[in-house]
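Structure first, then comments.
Given the structure is predicted, the values throughout are model-derived calculations rather than measurements.
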Amino acid sequence: MSKRESTSDPADIKESLDELVQKLDPGKTSSSSWDESLDNNKEEWEQLKRKIRERQRALKHLVTAVKSGLIGRDEFQERYPKLQDELAELETAIYNMKLGTDVK
């Protein structure tokens, strides 16, 4: 069975989770794995970093705008969750790159 196939067998689920935990372990193996992943995906990594910086700046600008009264609370409440969701998606993409997975 492939790692990406879904299963309800508890042993398979445990094995899959153990593999993910091993990849997350901040040891020598995960560090070299991360370096390898960055080398293999340099362009995607740079693009993700750039997008994260842009979204972080947009969030900062949004908070500043609402505090200074340039935009109303309603507009803030509409735009803030969208930016937060975009940041979460970008961070998930980084974790997937690091782990070599497709976790949603």
Could you tell me the separation between the OH atom of Tyr80 and the CZ atom of Arg73, rounded to the nearest 0.5 Å? 11.0 Å
Output for pair (Glu78 CD, Ile71 CD1), nearest 0.5 Å, gives 10.0 Å
Derivation of the side chain to side chain contact (heavy atoms under 4.5 Å, CB included) call for Ile52 and Ile94: CA-CA 10 Å; Ile52 286 173; Ile94 288 176; 3.3 Å; yes
For [X] and [Y], which heavy atoms make the closest approach, and how far apart are they?
X     : Y     : answer
Val66 : Gly72 : CG2-O, 4.1 Å
Leu87 : Leu59 : CD1-CD1, 3.2 Å
Leu62 : Phe76 : CG-CD1, 3.6 Å

My understanding is that only one of Lys51, Arg50, Arg57 makes a salt bridge (Lys or Arg N to Asp or Glu O under 4.0 Å) with Glu54; could you say which? Arg50
Ion pair check, Glu86 and Lys82, cut-off under 4.0 Å: no
Could you go through the side chain to side chain contact (heavy atoms under 4.5 Å, CB included) check for Leu48 and Met97 one step at a time? CA-CA 10 Å; Leu48 286 170; Met97 185 186 298; 3.5 Å; yes
